[in-house]
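One structure below.
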Amino acid sequence: TLAPHIYASLKTAKQQLIDGERDFNAICVNAERALTKAGFEVDYFDIRRSNDLESATPTDLKLVIAVAAKLGPTRLIDNITVKL
């Protein structure tokens with residue numbers, strides 16, 4: 001099954017943030033590419049501030065990483081929080 005790739009992509013992005021990466025766009029683009037390669041049609045993969053879901057900045061410490069992607073006719077949605 002391919003569905004676990006969604007959560008794995010979130011964990012990878014979270015670890016990149018914990019490790020100090022702050023190029024949010026690069027993290028999201030790489031995650032989207034990996035999911036697309038695995039067979040998903042990605043609707044979005046995004047990093048946002050957890051308190052209001054506005055666009056995150058490198059100085060924000062509480063984040064949420066959210067993803068929505070289709071696998072055939074099924075749309076999968078997941079998210080993970082990050083405290084830096």
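These values consider heavy atoms only, across backbone and side chains, with no hydrogens, waters or symmetry-generated copies. Counting begins at 1 with the first residue of the sequence.
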Do the side chains of [Y] and [X] get nearer than 4.5 Å, heavy atoms only?
X	Y	answer
D78	L10	yes
S55	R48	yes
L76	K70	no
I27	E32	no
L17	I65	yes
I6	F40	yes
N79	V67	no

S50 side chain to K62 backbone, donor-acceptor under 3.5 Å: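 Yes; judged by distance alone, with no hydrogens or angles, the pair exists.
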Check: D60 side chain, A56 main-chain N or O, donor-acceptor pair, under 3.5 Å: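 Side chain of D60 to backbone of A56: no pair is present.
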More than 12 heavy atoms from other groups under 6.0 Å of OH on Y44: yes
Over 12 foreign heavy atoms within 6.0 Å of CD, E41: no
Over all atoms of both residues, closest heavy-atom pair of F45 and S9: CE1-OG, 3.4 Å
For the hydrophobic clusters of this structure (ILVMFWY residues joined by side-chain heavy atoms under 4.5 Å, transitively), does one cluster hold both [X] and [Y]?
X	Y	value
L71	I77	no
V64	L61	no
I80	V29	no
L84	L53	no

Say you draw a straight line from [atom1] of [X] to [atom2] of [Y]; how long is it, rounded to the nearest 0.5 Å?
X	Y	atom1	atom2	result
H5	T36	NE2	OG1	12.0 Å
N25	N30	CG	CG	9.0 Å
I47	C28	CD1	SG	4.0 Å

